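What you see below is based on every heavy atom in this structure, not just the backbone, and it leaves out hydrogens, waters and symmetry mates. No experiment lies behind these values; they were computed from the predicted model shown.
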Amino acid sequence: MEPQYIKESNRMCREMGMDPNEVSRPKQFLSDIELDQKRRSYSEILSVVSFFSNKLLDSLKGTPILVVVSDANGYLLDIEGDETIKTTIEQFGIIPGCRFTQEDTGTNVVSLSLQQKHPISIIGEQHYHTFLHEIACYGTAFHYTDDNNLLGSVCIMMPQQFQNPLFLTMLTQAVDSIERELLLRKQNRQLNIMNQIMLSRTSNGIVITDEQGITTEFNDFAQEISNNTRESVVGRNIQNSPLTGEYFKEVLEHEKIFKNEELQFTKEDGNEVVCLFDAQPIYEEDKMIGAFGQFRDISKRHSLQQRFNYLAYHDDLTDLPNRRYIKNEMETIIHDINEGQNRSLALLFIDLDRFKIINDNFGHSNGDQFLDEVSKRLYSCLGEKDVLARMGGDEFIFLLKDFEDESYVTEKAEKVLELFHEPFHVGANELHTTASIGVAIYPDSPISMEDLMVYADNAMYQAKSQGKNRYVVYTSELLEDMMEEYSLEADLRKAMDHEEFVLHYQPQFNNATGELIGFEALIRWQHPTLGLLSPAKFIKLAEKNGLITQIGEWVINEACSQNKKWQDAGMEPVKIAVNLSTQQFLTRDLVKFIERVLKRTELDPQYLVVEITEYMAMEYDYSLSVLEQLKALGICISIDDFGTGYSSLNYLKDFPIDYIKIDKSFVNEIMNDHNDAVIVKAIITLAHNLNLQVIAEGVETADQLNFLKEYLCDVTQGYFFSKPLPAQEIEQKYLAWQSN
């Protein structure tokens, strides 16, 4: 149904005798001098609008659009976006400085945006003039919201085939941000400088200078952080400071703004200090009168994060990188290779021969010392680009990268074997051992990191079986493996249509009460010939061929439907957690899809949990926006596999997260590996301090459960309680159990 404001505008065009088949052109133009003056008077407004409109353009990259900004009288001040469209409209006289009025240009988005009190759209034939029928336009006015003073309009234009109602929502959100920023700036101009900066009441270090850079204020906290007295700083030019001088110089000379710059320095007492530093100009009635800087001491947080990251990626005994470190390094190199970069990669999987005999006969302490001596000798063999890691127990790995010839790999294997010709001295003992080495070279055809690890592992076991103290290069036929994958991919494309996917559910229990509080929904593929396949067999394949989003949507729909069925059958309501893939998380209609599923299934949103990984959270602005929208639906959000990816304290602080899920790789070794135990304790403490709950997955023993209970982990799941079960078994086991 055509909106009334468009009907009225088109009626006016007809009454004025406009010919719809003639091109209407603007008739009023600002001179170059007038346009320059107008843009200067709007400079602050245009900078704010430009910032957010550029973000809008970035978010719609690939879509041919223009973003047009006008003043309150309809004069165009800025046009950004698709050059082809821009060139086209210039032929009709639509350039910066032209004025849009209904009297001159008929029904147009600029004039109607300025007239209406709400966002508008004019699509195709809603335009009066036929030459605009292939165009879709969206627009809205923006104001100073405190006094409703009209400032101008922001409009987007595009070919009609790209039109989408979501663009109007995005434009509205951008204008909301513009209005908030403009109001904030207006209020800041009206405040007295000393009212803006409560020097004596802030826990941040504050520095204020005049327009020449002479320091006028240096508060108590700044003295404490820097170990400089107020007397030694006030009256001196801050631009001479070796720590912040260059920042203040940019602020004072170019009016730059700095935010969250990380600064590190050493105090006279030898203590390392890490601060986040902000700096910006100070204005009074549009005149810059100085600069303001502030320091926030994050030394403790920085130290904790560094220690946390180090423990997560290094071996406690040898101080070498560990399995997680190597996996991350391999994934990076394989990604580069798949992107077409000229890189090479190989693994030497090293397993000590007869180490168990040494450990059993000389004791674990001597065994640990022996492993440390082995690591030092192996380290002496490292090339410039090589990485050595301890994989656990008596297993080590050489990651060789960016070598020119494959002979480098076999020569390295021979050198490693030679390292074991001489005995190792541990205390008064002279210990002898050899090594079996599996070699895997990344092939010409793409394979996964896990596959390459398996190749190296298999080759190592082949070396063991051939008598030890040797290396074996993996040489299995890759073509056969690829054909199997192609066949599985073809089957995977049919699986959805043939309804071959099923969900299994693993229960989650409250550690304090023992109460069943939820399930994690885990997909399985009931393959017609291969039987029941775990996600490890097909999820990576689904990600590669683009089916993962469709499969992920099926999981959400099925899990919500099943949970509602259980509730309707009388089961005590519990939460069901579903995993989001990276591709699914980046899908623009994810929130709308989940909203539709919840509405259709009539499941209360509080009983749905979506799990994302740390990797997804790296796109900070996008992730924050999506998670806030998901949270607004009422569902819960969990960070899965915590500690194995990009562990940032910043997103834990800012994102609307309910749960942190400790990765099972930490839980597996908490009773045996001191580092993993320390990490698990740290994660629990950190989460509770941020008012988040902690879920531990992969619990398989009573000792692990008791450890987690002792350190107040909130929820656990794992094979100790139950493997993932089909819905029917869940009903038989838990529905009946709850009924009793």
Side-chain angles (χ1 to χ4, degrees), residues 51-63 156 164-178 180 520-521 539 542-543 546-557 559-560 575-601 603-642 644-661 687 690-693 695:
F51 174 79
F52 287 101
S53 64
N54 283 334
K55 292 189 72 173
L56 183 63
L57 285 169
D58 286 343
S59 68
L60 297 174
K61 190 172 292 182
T63 303
I156 58 178
N164 190 320
L166 287 176
F167 293 153
L168 190 60
T169 302
M170 296 173 69
L171 179 62
T172 303
Q173 292 172 344
V175 169
D176 286 344
S177 300
I178 290 169
R180 285 196 299 271
E520 180 178 4
I539 288 299
E543 290 174 343
L547 292 173
I548 191 65
T549 298
Q550 184 182 0
I551 292 173
E553 290 179 349
W554 178 87
V555 170
I556 293 172
N557 186 71
C560 290
K575 299 181 186 297
I576 286 216
V578 296
N579 294 278
L580 296 181
S581 69
T582 302
Q583 293 178 31
Q584 189 177 10
F585 185 66
L586 296 175
T587 302
R588 294 293 174 182
D589 63 348
L590 171 66
V591 178
K592 292 292 185 185
F593 172 78
I594 293 179
E595 187 176 18
R596 290 196 300 270
V597 170
L598 291 171
K599 184 176 181 180
R600 185 183 56 75
T601 60
L603 179 68
D604 190 324
Q606 66 174 308
Y607 297 119
L608 175 63
V609 181
V610 295
E611 297 187 359
I612 68 167
T613 64
E614 294 171 302
Y615 178 80
M616 299 181 200
M618 289 178 67
E619 291 290 337
Y620 180 88
D621 292 336
Y622 176 82
S623 299
L624 180 60
S625 173
V626 172
L627 293 179
E628 286 178 342
Q629 293 177 64
L630 290 173
K631 194 65 181 172
L633 295 180
I635 68 179
C636 299
I637 298 168
S638 175
I639 296 289
D640 195 13
D641 299 337
F642 185 78
T644 63
Y646 178 77
S647 303
S648 170
L649 299 178
N650 192 47
Y651 69 65
L652 289 184
K653 174 175 68 72
D654 295 338
F655 288 178
I657 300 166
D658 300 285
Y659 304 101
I660 288 178
K661 200 167 188 182
L690 293 171
N691 296 318
L692 306 176
Q693 291 195 54
I695 301 174

Locate the shortest heavy-atom distance separating P656 from I637; write the atom from each residue and the value.
O-CD1, 3.6 Å
Drop me the distance from L630's CG to L590's CG, to the nearest 0.5 angstrom.
5.5 Å
Going by atom types alone, do Q173 and T169 pair a side-chain donor with an acceptor below 3.5 Å?
no
So I612 and I639, do their side chains get closer than 4.5 Å, heavy atoms only?
yes
When rounded to the nearest 0.5 Å, the distance separating CD of Q550 from CG of L547 is 6.0 Å
Distance col, row L580:CG vs E611:CD, nearest 0.5 angstrom, shows 8.5 Å
Separation of L633 CG from Q606 CD (nearest 0.5 Å)
13.5 Å
Rounding to 0.5 Å, atoms CD (E520) and OG (S638) come to a distance of 8.5 Å
Non-hydrogen side-chain atoms of S177 and F51 separated by less than 4.5 Å
no
Please name the pair of heavy atoms, one in Q584 and one in E553, separated by the smallest distance, quoted to 0.1 Å.
NE2-N, 3.4 Å
Which residue is it: L598, N579, I594, I576? I am looking for the one with a side chain to side chain contact (heavy atoms under 4.5 Å, CB included) to I556.
I594
Minimum heavy-atom separation for Y622 to T587, with atom names?
OH-O, 3.7 Å
If I take atom CD1 from residue I660 and atom CG from residue L692, how far apart are they, to the nearest 0.5 angstrom?
5.0 Å
Looking only at non-hydrogen atoms, find the nearest pair between I635 and L608 and report the distance.
CB-O, 3.5 Å
Validation row: F655, V626 side chains within 4.5 angstrom (heavy atoms)
no
Just wondering, do R588 and M170 contact through their side chains at under 4.5 Å, heavy atoms?
no
Looking at K631 and C636, what are the two nearest heavy atoms and their distance?
NZ-CA, 4.3 Å
Shortest non-hydrogen contact from G546 toward Q583:
CA-OE1, 4.1 Å
